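Heads up, the thing below is written out as C-alpha cells.
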Amino acid sequence: MTFIPPSKDCLLCERLCAFREQNKIKFPHYYNGPVEPFGDINAEVLIVGLAPGLNGANQTGRPFTNDYAGDILYPALKEAGLAKGDYLKKKDDGFELVNVRVTNAVRCVPPENKPVTAEEKNCRSFLKQEIAAMPNLKVILCLGTISHKNVLQALGLKQSFAKFRHGSVYDTGIRGVKLIDSYHTSRYNINTGVLSYEMFQKIIYMIKDLIK
Ligand code: URA
C-alpha cells in the first residue's frame with residue numbers, strides 16, 4: 001500500500017478549512033496546510049502526536065517543529081541515537097530522524113489545539129493508510145490520549161483493547177506491532193509536572209529496546 005497524504009488544500013473538515021483561510025490572511029508566511037509526516041516510511045518506529053500547533057508545525061510545515069512539544073521530543077530522540085543533526089526548529093535545518101517517523105492524528109492545526117471528533121475521524125483515514133504503508137513497522141508511540149484512541153481505531157482495535165497508561169506496552173497482534181503510550185510532550189504537561197524530560201527519555205529508551 002502507498003501512503004498518499006492529504007493535499008495542501010484538503011477540504012475534509014469545514015471548521016479546519018475556515019481556520020486555515022483565516023490563518024492564511026493573518027500569517028501569510030506560514031505553511032498553513034495539512035502537515036506532512038517527517039521521517040522515512042521504512043522506519044520501524046512511528047510516533048503519533050495530536051495536531052500541529054499554530055505557530056509551530058503549522059508555521060514550519062514539519063510535525064512538532066517550532067512547537068514546544070518538539071523541544072522535548074527531538075532532543076530526546078537525538079540523545080538516544082534516533083535522530084541526528086541539529087534541531088534548529090526549521091523544516092530545512094537538516095535535522096534527520098533515524099529509523100523513526102513522526103506524524104499526527106490530525107494533520108491541520110485546530111483552533112485552540114483541540115480537534116473535534118469528526119475531524120479526528122476524517123483524518124483517521126490518512127493515519128490508517130500511513131500505518132499500513134510502513135513495511136517495517138515495529139512500534140507505535142502514542143503521545144497522549146487522543147493519539148492513543150485514534151491509533152487503536154486506525155488499527156481496527158476496540159478502545160477496551162488497551163487503556164491509555166503512560167509507559168504501558170501493548171502487543172497489538174497486528175503484524176507484530178507494539179503500541180506504547182506516553183503523556184504528550186506538551187508545554188502544559190511539562191509545566192504541571194505530569195511529564196518530565198527524564199520520564200520521556202525512559203520511554204524512548206524502552207522503544208530502543210523494543211526494536212533491538
Ligand atoms: N506539534 C505537532 O506537530 N503535534 C503535536 O501533537 C504537538 C505539536
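All residue numbers refer to positions in the sequence shown, counting from 1. One-based numbering, in listed order, for ligands and for the atoms of each. Keep in mind that what you see is a predicted model, and the values were worked out from it rather than measured.
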Cation over ring face, K89 and F95, 6.0 Å, 45°: no
K202 atom NZ, neighbour heavy-atom count above 12 within 6.0 Å: no
Subset of ligand 1 atoms that lie under 4.0 Å from at least one heavy atom of A57: 3 (O)
Interfacing atoms of ligand 1 (cut-off 4.0 Å, heavy-atom, L50): 5 (C), 6 (O)
Aromatic plane relationship, Y87 with Y74 - under 30° parallel, 30 to 60° tilted, over 60° perpendicular: tilted
Atom 4 (N) of ligand 1: the protein heavy-atom neighbour that sits closest, reported with distance to 0.1 Å: N104 OD1, 2.8 Å
Atom indices of ligand 1, in the order listed, that fall short of 4.0 Å to a heavy atom of G49: 6 (O)
Flag if over 12 foreign heavy atoms under 6.0 Å of CZ, F27: yes
Any R62 heavy atom less than 4.0 Å from ligand 1: no
Considering all heavy atoms, the nearest V109-F19 contact: O-CD2, 3.4 Å
Residue, atom name and distance, where the atom is the protein heavy atom closest to atom 8 (C) of ligand 1: D67 OD2, 3.2 Å
Identity and separation of the nearest protein heavy atom to atom 7 (C) of ligand 1: A51 O, 3.4 Å
side-chain contact (heavy atoms from CB on, under 4.5 Å) partner of R107, chosen from P34, P63, P115: P34
Any P52 heavy atom less than 4.0 Å from ligand 1: yes
